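Contents: one structure, followed by commentary.
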Amino acid sequence: MERKTTVISSEQLRQQQEFCGRIRQRWEASGVVPTAFVDTYGCQQNEADSERIRGMLEQCGYTMQDSEEGADVIVINTCAVREHAEQRVLGNVGALVHTKRRHPGQKIFLCGCMMGEPAVAEKIRKSYVHVDGVFSTHHLWEFPSLLYRVLDTGKRVFATEDEAGSIAEGLPVVRSSAFKAWVSIMYGCNNFCTYCIVPYVRGRERSRKPEDVIAEVKELVESGCRDITLLGQNVNSYGKDLDCGVDFADLLAELAQLPGEFLLRFMTSHPKDATKKLFDTMAKYPKIARHIHLPFQAGNDRVLKEMNRRYTAAQYLELVEYARSVMPDIVLTSDVIVGFPGETDEEFEDTLKLVEQVRYDALFTFIYSPRTGTPAAEMPDPATRQEKLARFDRLCAAQNRISEEKHREYVGKTVRVLVDGIDDGVLTARTGGNRLVRLENGTEDLIGQYADATITGANTWSLLGKL
Ligand code: SAH
Ligand code: SF4
Ligand code: F3S
């Protein structure tokens, strides 16, 4: 497949900054400090994009607020991965008619993965006329000029043309946490798993240059960031499009040798591209979290083949075995789809079997959702919703039992955690393996700090700990 990555030039980005300046001037002239609200659906990739959107909005003079009501600009960053996600977005966008009526100057923008689906963009154009602007992920960096056009002309803008894919370095960013950060190391996906819409809406795989990633991580660590997650749809194929001799394991090793106290995480890893070198690298450097999110999707080889995953259950298990041989304490999590078209009850048993064999620390389980335009949406799907739900329930029950058993193994142990927030008056923290710990003691000033916690209790979802 042809790969054509457009690197957005500094001249193009400078032009966008000019639009930011013009928007700021408009508001200054009117004596109003404008406000904006950014709402995010979907995965960490979208969270990371929203941080850039907030960055651009701040450069335009906007102050962030945390609700739609009264905001001068609303941006909804959407997810297309499952039908349910899309329905939620459309429902909420529909309700904005009323919000806008109460604040007529309000400008509403939709962006993110759903806007990469031509049919959705068309639906917004026709039926959601209170939406002022739409842009797909390829056009994220152009947001200031789009916003300017809407403010200046009052007309709606649509920037949804499909592009080969772009990389824009140096966009402004407002991070949502001072001590946890997302760093996209690549964009797009080339894998075309037959159920998945992501390659269609996010374009082909393109890697940022290692030096750009290293500079960003270095800056984060120097500013006190403790927990850095490298993002990509398939981080294991990082660098393949760059021909610079650096693969993902090399990049990780470089980053893990930066000075400072921090932990590196990454997601997602496609099993077909996970290498022994990757696991050896993880084992070698203490600054790489001993956690891998390694989606297996299904335990049956025929289903895996139909999904175009390009590994077998045996190959997957071999990888897990190797990972555990070099890191016995590694935390394993995964994604799995129940009810892929044509999956039989017997084939589903293989998924259960794999779950029992691997014993994941946590599992993200999804019922297959047909996505228009993907090959799987055309496949015969005789199983009923009831049958799929019954499989789903069995899988969840098995995993809940395993999660609880695995969590119970922590009781009595002392683990290093990063205190990361407060929930219902209880301090929360994360282990190196990203397990949630609810703390019995400690004060808010610990948030953002590492601490040692003795685990005193456990359930399916979390651990209980004492500092
Ligand atoms: N790039 C990542 C995941 C992207 S989407 C990867 O390859 O693992 C996150 C998860 O959503 C996928 O792992 C998959 O389990 C699930 N998913 C994707 N498309 C889906 C669909 N059409 N129906 C149900 N689940 C889906
Ligand atoms: Fe979707 Fe597969 Fe790409 Fe993940 S690897 S984003 S599941 S196509
Ligand atoms: Fe959703 Fe797009 Fe992420 S479809 S899961 S927000 S890549």
Side-chain angles (χ1 to χ4, degrees), residues 1 39-50 53 76-89 110-117 120 136-138 140 165 182 184-206 229-238 240 266-274 292-299 303-304 306-311 316 333-341 343 351 355 360 362-379 381 385 388 391-392 395:
M1 188 162 305
D39 201 6
T40 313
Y41 294 77
C43 65
Q44 289 84 352
Q45 193 79 65
N46 261 15
E47 295 287 348
D49 286 350
S50 286
I53 294 168
I76 313 240
N77 195 359
T78 65
C79 170
V81 79
R82 281 169 294 273
E83 169 98 42
H84 176 70
E86 293 206 348
Q87 293 307 341
R88 266 180 61 215
V89 168
L110 303 186
C111 63
C113 295
M114 269 172 87
M115 302 307 129
E117 294 175 272
V120 173
S136 64
T137 60
H138 300 303
L140 180 94
W182 315 113
S184 295
I185 61 166
M186 57 200 298
Y187 305 95
C189 180
N190 284 353
N191 293 307
F192 290 95
C193 303
T194 55
Y195 50 81
C196 184
I197 198 156
V198 173
Y200 302 89
V201 294
R202 282 200 172 259
R204 294 297 68 70
E205 225 164 69
R206 48 214 191 269
T229 306
L230 309 176
L231 296 178
Q233 294 302 337
N234 175 16
V235 291
N236 296 333
S237 63
Y238 173 82
K240 286 185 182 166
F266 53 92
M267 67 187 308
T268 297
S269 286
H270 194 308
K272 83 175 162 61
D273 298 309
I292 191 160
H293 183 65
L294 197 63
F296 73 99
Q297 312 296 3
V303 175
L304 283 170
E306 289 294 306
M307 287 178 161
N308 190 31
R309 289 291 290 181
R310 287 172 279 176
Y311 52 83
Y316 182 91
T333 57
S334 194
D335 292 347
V336 53
I337 296 178
V338 171
F340 182 80
E343 180 192 68
T351 290
V355 167
Y360 293 98
L363 203 56
F364 298 86
T365 48
F366 307 104
I367 294 188
Y368 169 72
S369 169
R371 307 282 63 211
T372 310
T374 62
E378 307 296 319
M379 296 177 187
D381 190 6
R385 175 96 191 146
K388 292 188 183 191
R391 290 178 205 164
F392 186 77
L395 181 63

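Counting starts at 1 for both ligands and their atoms, in listed order. If you're wondering where the values come from, they're calculated on a predicted model, not measured in any experiment.
Counting only heavy atoms of the protein, atom 22 (N) of ligand 1 lies nearest to S369 O, 2.8 Å. Of the protein's non-hydrogen atoms, the one nearest atom 4 (Fe) of ligand 2 is Q233 O, 4.4 Å. With hydrogens left out, the protein atom closest to atom 14 (C) of ligand 1 is Q297 OE1, 3.5 Å, a heavy atom. Shortest contact from atom 9 (C) of ligand 1 to any protein heavy atom: D335 OD2, 3.7 Å. Scanning all protein heavy atoms for the shortest distance to atom 4 (S) of ligand 3 gives A80 N, 3.2 Å. Protein heavy atom at the shortest distance from atom 26 (C) of ligand 1 is R82 NH1, 3.5 Å. Nearest protein neighbour of atom 2 (Fe) of ligand 2, counting heavy atoms only, is C193 SG, 2.2 Å. From the protein, the heavy atom lying nearest to atom 24 (C) of ligand 1 is I367 O, 3.5 Å. In terms of protein heavy atoms, atom 1 (Fe) of ligand 3 is closest to C79 SG, 2.4 Å. Nearest non-hydrogen protein atom to atom 6 (C) of ligand 1 is T268 CG2, 3.7 Å. Counting only heavy atoms of the protein, atom 18 (C) of ligand 1 lies nearest to V81 CG2, 3.5 Å. From the protein, the heavy atom lying nearest to atom 1 (Fe) of ligand 2 is C196 SG, 2.3 Å. Closest to atom 3 (C) of ligand 1 among all protein heavy atoms lies Q233 OE1, 3.9 Å.
Between the side chains of T268 and H293, no donor N or O sits under 3.5 Å from an acceptor N or O. Residues N190 and K240 bring no donor and acceptor atom of their side chains to less than 3.5 Å of each other.
In this structure, N191 does not count as a contact residue of ligand 1, since none of its heavy atoms falls inside 4.0 Å of the ligand. Using a non-hydrogen distance threshold of 4.0 Å, R309 registers as a contact of ligand 1. By the 4.0 Å heavy-atom criterion, R309 is counted among the residues contacting ligand 2. Under a 4.0 Å heavy-atom criterion, R202 is in contact with ligand 3. Distances from ligand 1 to the non-hydrogen atoms of H270 include no value under 4.0 Å. Ligand 3 is never approached by M114 to a heavy-atom distance shorter than 4.0 Å. Within the structure, ligand 1 lacks V198 among the residues with a heavy atom less than 4.0 angstrom away.
For the pair R82 and F366, the cation-pi criterion (under 6.0 Å, within 45° of the ring axis) is fulfilled.
Under 4.0 Å from ligand 3, the heavy atoms of C113 that appear belong solely to its side chain. Contact annotation for Y195 and ligand 1: heavy atoms of both the backbone and the side chain come within less than 4.0 Å of the ligand. Here Y195 has side-chain heavy atoms under 4.0 Å from ligand 2, and that is the only part of it that gets that close.
The distance from ligand 3 to the heavy atoms of N46 drops below 4.0 Å at these ligand atoms: 6 (S). Below 4.0 Å from some heavy atom of R371 lie the following atoms of ligand 1, by number and element: 22 (N). The contact set between ligand 1 and P295, taken as ligand atoms under 4.0 Å from a residue heavy atom, comprises 8 (O). Close contacts of ligand 2 with F192, meaning ligand atoms under 4.0 Å from a residue heavy atom, involve 8 (S). With ligand atoms numbered from 1 in the order given, ligand 2 contributes 5 (S) to contacts under 4.0 Å with heavy atoms of N191. Taking every heavy atom of V198 and a limit of under 4.0 angstrom, the matching atoms of ligand 2 come to 6 (S). Ligand-side atoms of ligand 2 in range of P199: 8 (S), range being under 4.0 angstrom from any heavy atom. Every atom of ligand 3 with a heavy atom of Q233 under 4.0 Å away is listed here by number and element: 7 (S). In the vicinity of H270, heavy-atom distances shorter than 4.0 Å reach the ligand 2 atoms 5 (S).
Coordination check, C189 versus atom 3 (Fe) of ligand 2: passed, since an N/O/S atom of the residue sits under 2.8 Å. Within the 2.8 Å limit, C43 places no N, O or S atom next to atom 1 (Fe) of ligand 3.
Panel note: side chain S184, backbone L231; no donor-acceptor pair is recorded below 3.5 Å. A donor-acceptor contact shorter than 3.5 Å is absent between the side chain of N236 and the backbone of S269. Under a 3.5 Å cut-off, the side chain of R371 and the backbone N or O of A80 do form a donor-acceptor pair. Here the side chain of R204 pairs a donor or acceptor atom with the backbone of P199 at under 3.5 angstrom. For T229 (side chain) and W182 (main-chain N/O), no donor-acceptor pair under 3.5 Å exists by modelled atom type. The main-chain N or O of N191 is found under 3.5 Å from a side-chain atom of R310 such that the two form a donor-acceptor pair. A donor-acceptor pair is defined here as one N or O able to donate and one able to accept, closer than 3.5 Å; such a pair exists between the side chain of T194 and the backbone of E306. Between the side chain of N234 and the main chain of H270, a donor-acceptor pair closer than 3.5 Å is present.
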Apply the test side-chain hydrogen bond (donor to acceptor under 3.5 Å, both in side chains) to residues S237 and E205: give CA-CA distance (whole Å), side-chain angles for both, the deciding distance (0.1 Å), then the verdict. CA-CA 9 Å; S237 63; E205 225 164 69; 2.8 Å; yes
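Rounded to the nearest 0.5 Å, atoms NZ (K272) and CG (N308) are 9.0 Å apart. Atoms SG and CG, on C193 and L304 in that order, are 10.0 Å from each other to the nearest 0.5 Å. Taking CE of M115 as the reference point, atom OG1 of T137 lies at 11.5 Å (rounded to 0.5 Å).
Minimum interatomic distance between T40 and S50 (heavy atoms only, all atoms of both residues): OG1-OG, 2.8 Å. L294 and A274 make their closest contact through CD1-CB, 4.3 Å (heavy atoms, listed as atom of the first residue, atom of the second, distance).
Note on ring orientation: taking the six-membered ring where Trp is involved, the planes of Y316 and F296 are tilted (angle from 30° to 60°). Using bins of under 30°, 30° to 60° and over 60° for the plane-to-plane angle, the ring pair F192/Y200 lands in the perpendicular bin.
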